[in-house]
2 protein chains.
Amino acid sequence: MRLTTKGRFAVTAMIDLGMRHQRGPVTLAGISDRQRISLSYLEQLFGRLRRQGIVDSVRGPGGGYTLARPMTEITVADIIRAVDEPIDATQCGGLGNCHDDRECMTHDLWMSLNARIYDYLDSVHLAELVQQQLDKPEQCAGKKHEHRRVVGSADLKVAANG
Amino acid sequence: MRLTTKGRFAVTAMIDLGMRHQRGPVTLAGISDRQRISLSYLEQLFGRLRRQGIVDSVRGPGGGYTLARPMTEITVADIIRAVDEPIDATQCGGLGNCHDDRECMTHDLWMSLNARIYDYLDSVHLAELVQQQLDKPEQCAGKKHEHRRVVGSADLKVAANG
DNA sequence: TAATAGTTGACCAAAATAATCAGGATTAGT
DNA sequence: ACTAATCCTGATTATTTTGGTCAACTATTA
Ligand code: FES
Ligand code: FES
């Protein structure tokens, strides 16, 4: 399990896709423009998402990407797993080349920690995140925008200009 | 929030420390040998952990590192926060330099996702992980074992608070 | 007291690895 | 044929990881 900007970009892009997939295929150029993510990078990410069966692609003019499954059946963990290929296990790489009993602690430890985090990320569905975005009143609709503190713990300090 | 091998190594090392801090300071050389983590890397990691007040250091012969707080008051998020300096927010960096209405989705999205993950990792204490290791019988004592891609979703269940 | 050895502390630089981007090739609609 | 889009493969950049050196500190020993 790895959690970097790569996985986050993928989740962001998938939400963008989820918000407008009803109106036909969504182009990566559009996502790139809206979310300010490099088009080349998106292509790479969606290449993996497609091979993992999370999205479908339509080539040619009028094409783009569309969801391969309903949003309720796509979890955040699915997305991250697809683009951020999982670390196998530990330094043993699944071969168990540790010769003593103590080294295996690392192995089990990472595996269980991974499992716990995955277990959580598997409980968050794309539908929730999309709905969460749609529920927001036009927070920054053209004018000065004001961020609500949807999250309790982070010290969200935003300097809204205006 | 970032979750890479860096944070994982730190967690692994902290569990090793937690398992034997009762018998006095633990040397990084010992952790390096047991967990197969580069000594230089450990020094770097524990330098941060010390500055964050998570561990204390004792120099000279018989020295090493010891926990600065009881294990029940150290969370996984604490450790990861200490070694893996958190990403600020998004590309706007908390300043809201997005000029249009749509970009802010990224901001709130990442913030809330971060908060959810931190919220979870804050609920996992070092004491649990240490106990989890101590509870394990000799899992791979000289025996050959094969590893699989257990990172599915429900393959590896964790018995927390055992 | 003085010397010695074991240990952290801070720093730098190279090597390994991963993230990010650029350009061209391929497919399909008009 | 032309264009809009996905696909593919390599290059560039950033980050992680390791290795090394030297100084500071402290317990042990002579
Ligand atoms: S067997 Fe995988 S780390 Fe020991
Ligand atoms: S204000 Fe932070 S991303 Fe728009």
Side-chain angles (χ1 to χ4, degrees), chain A residues 1-13 17 20-21 24-33 35-52 54-68 80 82-88 90-91 93 106, chain B residues 1-13 17 21 24-33 35-68 80 82-88 90-91:
Chain A
M1 175 68 184
R2 212 172 300 177
L3 190 54
T4 65
T5 56
K6 198 172 181 177
R8 248 176 276 260
F9 279 153
V11 172
T12 302
L17 172 56
R20 51 193 94 223
H21 77 118
V26 180
T27 68
L28 293 190
I31 298 179
S32 168
D33 192 47
Q35 308 299 336
R36 299 295 149 92
I37 304 173
S38 153
L39 177 59
S40 311
Y41 203 26
L42 280 177
E43 286 170 350
Q44 176 182 322
L45 296 180
F46 274 78
R48 291 182 183 233
L49 290 170
R50 179 180 56 85
R51 282 180 225 112
Q52 293 292 324
I54 296 176
V55 299
D56 280 334
S57 65
V58 181
R59 303 178 80 161
Y65 284 92
T66 179
L67 294 175
I80 293 175
V83 300
D84 231 346
E85 55 212 285
I87 300 175
D88 210 341
T90 62
Q91 47 264 42
T106 309
Chain B
M1 173 71 183
R2 210 174 300 178
L3 189 54
T4 65
T5 56
K6 197 171 182 178
R8 247 178 275 261
F9 278 154
V11 172
T12 302
L17 173 55
H21 77 119
V26 180
T27 69
L28 291 189
I31 298 178
S32 170
D33 193 45
Q35 308 299 336
R36 300 294 150 91
I37 304 173
S38 154
L39 179 57
S40 311
Y41 204 25
L42 281 177
E43 286 169 350
Q44 177 182 323
L45 297 179
F46 273 78
R48 291 180 182 235
L49 290 171
R50 181 181 58 84
R51 284 181 223 109
Q52 293 291 324
I54 296 177
V55 299
D56 280 335
S57 65
V58 181
R59 303 178 82 158
Y65 284 91
T66 181
L67 294 175
I80 292 175
V83 301
D84 231 347
E85 54 214 283
I87 300 173
D88 211 340
T90 63
Q91 45 263 39

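The sequence lines fix the lettering, A, B, ..., with proteins before strands; numbering per chain opens at 1.
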Ignoring backbone atoms, test whether [X] places a side-chain nitrogen or oxygen under 4.0 Å from the OP1 or OP2 oxygen of [N].
{"X": "A/R8", "N": "C/dA19", "result": "no"}
{"X": "B/R51", "N": "C/dA10", "result": "yes"}
{"X": "A/S57", "N": "D/dA5", "result": "no"}
{"X": "B/T4", "N": "D/dT15", "result": "no"}

Can you check the [X] [atom1] to [N] [atom2] distance for me, whole Å?
{"X": "B/L17", "N": "C/dT8", "atom1": "CG", "atom2": "C1'", "value": "14 Å"}
{"X": "A/Y65", "N": "C/dT27", "atom1": "OH", "atom2": "C1'", "value": "12 Å"}
{"X": "B/R50", "N": "D/dA24", "atom1": "CZ", "atom2": "C1'", "value": "12 Å"}
{"X": "A/L49", "N": "D/dC8", "atom1": "CG", "atom2": "P", "value": "14 Å"}
{"X": "A/R59", "N": "C/dA28", "atom1": "CZ", "atom2": "P", "value": "7 Å"}
{"X": "A/Q52", "N": "D/dC7", "atom1": "CD", "atom2": "P", "value": "14 Å"}
{"X": "B/L3", "N": "D/dT15", "atom1": "CG", "atom2": "C1'", "value": "16 Å"}
{"X": "B/D56", "N": "D/dC25", "atom1": "CG", "atom2": "P", "value": "17 Å"}

key: Residues touching DNA chain D, which here means a heavy atom under 4.0 Å, drawn from residues 40-47 of chain A   =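 Those residues are A/E43.
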query = Touch check for A/L28, heavy atoms < 4.0 angstrom, all strands: base, sugar-phosphate only, or nothing?
reply =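 The residue A/L28 makes sugar-phosphate contact but no base contact.
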key: Touch class at under 4.0 angstrom, heavy-atom based, for A/R48 against every strand present   = nothing
Minimum heavy-atom separation for [X] to [Y], with atom names?
{"X": "B/T27", "Y": "B/G63", "value": "CG2-O, 3.6 Å"}
{"X": "A/G62", "Y": "A/P25", "value": "O-CG, 3.9 Å"}
{"X": "A/L3", "Y": "A/I80", "value": "CD1-CD1, 3.5 Å"}

request  = Please step through side-chain contact (heavy atoms from CB on, under 4.5 Å) for the pair B/K6 and B/Y41, ending with a clear verdict.
outcome  = CA-CA 9 Å; B/K6 197 171 182 178; B/Y41 204 25; 3.1 Å; yes
State which of [options] makes the closest approach to the side chain of [X].
{"X": "B/P61", "options": "D/dT6, C/dG29, D/dT26", "result": "D/dT26"}
{"X": "B/T27", "options": "C/dA19, D/dA5, C/dT8", "result": "C/dT8"}
{"X": "B/S38", "options": "D/dT6, C/dG6, D/dT18", "result": "D/dT18"}

From CA spacing to verdict: side-chain contact (heavy atoms from CB on, under 4.5 Å), B/T66, B/V26 = CA-CA 6 Å; B/T66 181; B/V26 180; over 6 Å; no
task = Compare all side-chain heavy atoms of B/L67 with those of B/D56 and state whether any distance is below 4.5 angstrom.
result =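 Of all side-chain heavy-atom pairs linking B/D56 with B/L67, none is under 4.5 Å.
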side-chain contact (heavy atoms from CB on, under 4.5 Å) evaluation trace for B/Q52 with B/V83 = CA-CA 9 Å; B/Q52 293 291 324; B/V83 301; over 6 Å; no
